[in-house]
Amino acid sequence: MQSNSDSRFNILIVDDEPGDIDLVRLALAEGRFLCHTMVAINGKEAMAVLRREAPRFTDAPTPDLVLLDLNMPQMNGREVLRAMKEDPLLANIPVVVLTTSDVERDIVASYDLGASGYITKPVDMDQLFRDIHSVEEYWFCAVRRPPRN
Amino acid sequence: MTLTWIAQRLFIPLFGMVLLALLWLTIVAQDRRAEALNTATFLLELTNYSRLLESHTHSIIRGLDQVVTHMKAEYEDNPTGFDLKAMVARSPILAGLSVQVGIIGSDGFLMISTAPISGRVYLGDREHFTIHQGQDDGRLFVSKPVLGRASGKWSIQLTRRLNKPDGSFAGVMVVSLSPDYITDIYRQIDLGRDAAIVVVGRDGIQRARAAGDDRTPGQSIIDTPYFTKLWDQREGVVEGAIASDGMAHIGAFRQMADFPLAVIVSRPQTAMAEIHAHEHTLFLATGIGGSVLLLAGSALLLMLALRQQSTEANLRQRERELIAARNDLERRNRDMEQFTEVLAHHLQEPVRLQMAFAARLQKMLGLSANDEASKALGHVVNGATRLRALLRDVQLYLAVGMLPPAHSPADSEMVLDSSLVRMNQVLAAAGAEVRRTRLPPAIIDQNRLVDIFCALIENAATHHHPDQAPLIEVSARLDDGMAIFSVSDSGPGIPEEFRERVFRVFERLNPENGKAGTGIGLPLVKKIVEAAGGRVWIESSASGGACVRFALPVRSE
């Protein structure tokens, strides 16, 4: 079980598609875990949140999980993964890739860069919800995550 | 124009010139050598002839001298009883020679002779008389040729002094010899055209001479540059106007033993040049022929080298064009890759969201299935679903061309398992039954074989009689190094005339019946199979349905 004192789970959603952000938020809201979601609309903003660089992110908590889209403007998901794994403070944060692509090359490249999981966004909304809930179950219940910084 | 370019063009001509120079140096050297050999042979031949002539002349004079000496002794023993004609008749030497023998008395008149004498013939003024009259040196005297006063013929006299018992001068024993006896050998031996033979005394007067038809003796060669050389050595070579025929001769001479005479055998110097002329011509012809061949060979080599350079330049140009074409192809591939990425991500994204939110909306509004709004949303979802399937298939279709060829075999059994799992929903929805036999491995990328099976199974599950659950049979056999896979259905089948057309992109057989797919499934199968070195075709299944067969190699090439 989760041993952190704050019972809310912090999830950073990195996606440039507002529709997808809404769907993920809806799915999390319908889940059995209390989640605090943060949103970054591209990779650059995601890194700013993670490193608390901009004034508006200075109080941002360290996420328990990052749901990362791959194709985004300015800084794509692969670049975010690489930057996180090269940063000792961010390297152990679990990152699950959540993307439209089911291209093998993207799957292999994501795992090579240290992704903790890879989910192709399903067409079926219910399926998407089930997938998000499975992720929650896995990361917030089944396994132990590294301690928060 | 680079240094290498110049060197390549100059090398062959220079090499040809060097070979040409070597050829001519060799030919000139061989010509000189042959000329020296011919000259030596020519001179050796003349020398041998001179020895032969000397021996021949010496034999004649020695023989005649013996006769003269014998008759001299006979006469001096008994001058009154001396019978000249009887002695001449008995002489075996004189028997074969047409010579005159006579005795000149001490008063200078011819006493007796083997030739008829008309009147008193005075010979006291002749040198061969006066020389013996003055002294008795005991030697044979060989006179200069004299024109006979009686015979009108040339002759040389071999004379010895006759002595009375008291040693005083008793006359001269004379044997007259025609010079022709000596020069007869000239007729017997072929000395060559314009050859000459000469017998000359130390006084420079020719005793015998034969030069062509000219047999006139008596000329003096005492003023010639080579005369003194005749007496300096036993034999040797002389050059000059030996034959008095107006041509420069070269001759071999030899002094005669015991007698103050020398013999010369000569030939014109032009004859010596003529002997070598033939060989010289041959050498010249060889040189010219060789030069022509060398020049032609060099020209040919140069031409070939230039052609090769031209070919190489063309090849380099072709290589550059190929590299440019390959780069262009790679660029197009990258573009295509990017395009497929766009298909994979950006184009599918809105379709997916459209479907998700349509479903969400339906749920939020709590619409029943028969509600008009629900039907409208259903159309939205169906359209989006179809668009998404189209995008997925187009993406797959385009991606086939960018895949590297497989070299290891795919486990067809395992691939079919995966394909059936992936198509589980489709099969379940259609209530399809799948029968399968054992499948052999084949050379193809495993994921592509999954794509093939999925496309064919989806087709087979979709096209079936409405009142019949689809029956799908997957089998394979080996034939001539190929694995022939078959996926057959129990549907209405595909008419013969459409069996080629259905492999065209977006070609759908019955789009209105609602069962048609994207129109890319079979073209995708065809593209994957052909990229793997195989082929695909359609037959009728045993139940009258469609049977799609595809052949794949079982061994990597």
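Residue numbers start from 1 in every chain, and the chains themselves are labelled A, B, ... in the order their sequence lines are given, proteins ahead of strands.
Interface remark: A/Gln127 contributes no atoms to any contact with chain B (heavy atom separation under 4.5 Å). Both the backbone and the side chain of A/Asp20 come within contact range of chain B, each with at least one heavy atom under 4.5 Å from a heavy atom of that chain.
Ranked by heavy-atom pairs under 4.5 Å with chain A, the first of B/Thr385, B/Val351, B/Leu353 is B/Leu353. The greatest number of non-hydrogen atom pairs below 4.5 Å with chain A, out of B/Arg360, B/Met355, B/Gln354, is found for B/Arg360.
No more than 12 heavy-atom neighbours from other residues, nucleotides or ligands sit within 6.0 angstrom of OH on A/Tyr138. When the shell of 6.0 Å around CG of A/Asp59 is examined, it contains 12 or fewer heavy atoms from other residues, nucleotides or ligands. Counting non-hydrogen atoms of neighbouring residues, nucleotides and ligands closer than 6.0 angstrom, the CZ atom of B/Arg438 reaches no more than 12 such neighbours. Under a cut-off of 6.0 angstrom, the local environment of CD in B/Gln425 is sparse, with at most 12 non-hydrogen atoms contributed by other residues, nucleotides or ligands. For A/Lys85, the NZ atom sits in a packed shell: over 12 heavy atoms of surrounding residues, nucleotides or ligands are nearer than 6.0 Å. Counting heavy-atom neighbours within 6.0 Å of A/Ile41 CD1, excluding the residue itself, gives a total of 12 or less.
In terms of heavy-atom proximity, B/Glu349 sits nearest to A/Lys121 at OE2-NZ, 3.5 Å.
Rounded to the nearest 0.5 angstrom, B/Arg388 CZ and A/Thr100 OG1 are separated by 7.5 Å. Rounded to the nearest 0.5 angstrom, B/Arg352 CZ and A/Glu17 CD are separated by 8.0 Å. The structure places CZ of B/Phe357 at 3.5 Å from CG of A/Leu23, a figure rounded to the nearest 0.5 Å.
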